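Take a look at the structure set out below.
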Amino acid sequence: MENLQELLDEACNRARPLVREGRVASYIPELAKADPSLIGIAVHTVEGETVQSGHAAHPFTLQSISKLFSLAALMRFRGPTGALDGMPCEPSGDAFHSIVRLEEEAGHPRNPLINAGAILVSSRLPGGDPKEIAGTVGELLASVLDAPVPVDAQVYASESATGYRNRALANYMQHFGLLENAELACEAYFRQCALTLDAKDLARAGLFLAGNGTDPMSGAPILDPQCTRSILALMSMCGLYDQVGQFALTVGLPAKSAVSGGILTIVPGRMAIATYGAALGPKGNSVAGVAMLQFLSDALDLSLFG
Ligand code: GLN
């Protein structure tokens, strides 16, 4: 694609002024230190073309984007049905850390991409301590990238010291018998959320999702096609919390956002796109990221809906 570089530059330029409309997440104190003026975008196509613009080499913690990879890791052990057992896989229509439906639905998280669901996923991963459990997620990423993926110790400690709301979700699920050790599940989840990449490497790491589960660069089978389809379907229904409907209308692609400001977006069969911009809108999604994706989807006619 000849003009992809120009398009990404243009996407960045148009999105840059919008960062003033958002706010950096601060409920995890360490995340409040992020500089909202840094925005970036990276594209990795299944043919191997890589293009980036802005601060695509600025590292950030994966936060909720890690939920895709913990789910993929669990699906490798248990298959799609076992991994998703007890989760109806419906959009929640609530904030990512909402507890409301757990009360109404006997502790069952609506889907694995909200916090409660992701904590349940982490509780099912093999390993006896948080390091080992989150290590399963890090290893999946590392196997694609062929390089270790670090955990940001400060962000991990910061979330661990303040994660009362997630602990409430986990304790709720333990009360209803969905998991056995709320504290262990939370610590593993906090640690996996602190895995750190930049947009360039995130697009590379997520490329197997665009390749029907096979990494198009190495040919390595990462996840079976049925599991991959399930993850993409979940992303399109639940990937941006209760902004996911608007995102489907304006961008029309499966994506997963994070409070650190990252978004991983997949164009099945074609490319992975990673964006970064720490200023978040009212629904907890990066304002610059959403704007860049909307621009690119329009420019390249990427929407899955025609
Ligand atoms: N670690 C964060 C939390 O649980 C992830 C949330 C997110 O990125 N939306 O609150």
Side-chain angles (χ1 to χ4, degrees), residues 22-34 36 59-71 91-100 102 109-123 130 133-134 137-138 151-173 179 182-197 199 202 206 234-235 237-244 247 255-265 274-290:
R23 294 180 70 145
V24 172
S26 58
Y27 75 99
I28 298 173
E30 198 63 22
L31 292 185
K33 295 181 181 167
F60 57 90
T61 53
L62 293 186
Q63 299 301 334
S64 274
I65 296 170
S66 71
K67 293 168 179 171
L68 302 176
F69 300 105
S70 59
L71 182 58
S92 75
D94 294 317
F96 59 92
H97 48 21
S98 176
I99 201 166
V100 180
L102 288 189
R110 287 238 112 192
N111 65 67
L113 300 187
I114 51 171
N115 286 12
I119 294 167
L120 191 55
V121 166
S122 301
S123 81
I133 297 170
V137 184
V151 168
D152 184 322
Q154 265 128 356
V155 174
Y156 169 47
S158 181
E159 182 161 22
S160 178
T162 56
Y164 304 113
R165 191 158 172 161
N166 282 322
R167 289 198 178 88
L169 299 174
N171 278 301
Y172 232 90
M173 291 189 286
L179 56 82
E183 192 52 32
L184 176 60
C186 277
E187 286 302 320
Y189 166 77
F190 297 151
R191 206 179 157 89
Q192 106 195 9
C193 283
L195 285 162
T196 300
L197 288 177
L202 179 57
L234 283 160
M235 290 166 78
M237 293 184 294
C238 322
L240 276 88
Y241 311 112
D242 54 342
Q243 194 178 339
V244 75
F247 192 81
K256 182 74 205 83
S257 66
V259 284
S260 50
I263 304 178
L264 175 63
T265 303
T275 57
Y276 176 67
L280 308 179
K283 306 283 170 119
N285 301 308
S286 168
V287 283
V290 170

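Predicted model only: the values in this text are computed from it and were never measured. Note that ligands are numbered from 1 as they come in the structure, with each ligand's atoms numbered from 1 the same way.
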Any protein N/O atoms within less than 3.5 Å of an N/O atom in ligand 1? List the atom names and distances, or say none.
{"unit_1": "ligand 1", "atom_1": "1 (N)", "unit_2": "Gln63", "atom_2": "OE1", "d": "2.6"}
{"unit_1": "ligand 1", "atom_1": "1 (N)", "unit_2": "Glu159", "atom_2": "OE1", "d": "2.9"}
{"unit_1": "ligand 1", "atom_1": "1 (N)", "unit_2": "Glu159", "atom_2": "OE2", "d": "2.8"}
{"unit_1": "ligand 1", "atom_1": "4 (O)", "unit_2": "Asn115", "atom_2": "ND2", "d": "2.9"}
{"unit_1": "ligand 1", "atom_1": "4 (O)", "unit_2": "Glu159", "atom_2": "OE2", "d": "3.2"}
{"unit_1": "ligand 1", "atom_1": "4 (O)", "unit_2": "Asn166", "atom_2": "ND2", "d": "2.9"}
{"unit_1": "ligand 1", "atom_1": "4 (O)", "unit_2": "Tyr189", "atom_2": "OH", "d": "2.7"}
{"unit_1": "ligand 1", "atom_1": "8 (O)", "unit_2": "Ser64", "atom_2": "N", "d": "3.0"}
{"unit_1": "ligand 1", "atom_1": "8 (O)", "unit_2": "Ser64", "atom_2": "OG", "d": "2.8"}
{"unit_1": "ligand 1", "atom_1": "8 (O)", "unit_2": "Val259", "atom_2": "N", "d": "2.8"}
{"unit_1": "ligand 1", "atom_1": "9 (N)", "unit_2": "Ser64", "atom_2": "OG", "d": "2.9"}
{"unit_1": "ligand 1", "atom_1": "9 (N)", "unit_2": "Tyr241", "atom_2": "OH", "d": "3.0"}
{"unit_1": "ligand 1", "atom_1": "10 (O)", "unit_2": "Tyr27", "atom_2": "OH", "d": "2.4"}
{"unit_1": "ligand 1", "atom_1": "10 (O)", "unit_2": "Asn115", "atom_2": "ND2", "d": "3.4"}

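In this model, no donor atom of one side chain and acceptor atom of the other lie less than 3.5 Å apart for Ser260 and Gln63.
Ring geometry for Tyr27 versus His97: interplanar angle over 60°, hence perpendicular rather than tilted (30 to 60°).
For Tyr189, the ring pair (Phe, Tyr, Trp, His ring centres under 6.0 Å) test picks out no residue, with sequence neighbours left out.
With a 4.5 Å cut-off on side-chain heavy atoms, Asn111 and Met237 do not count as touching. Here the side chains of Tyr156 and Thr61 are not in contact, with every heavy-atom distance at 4.5 Å or above.
The backbone N or O of Leu113 lies less than 3.5 Å from a partner atom in the side chain of Lys67, making a donor-acceptor pair.
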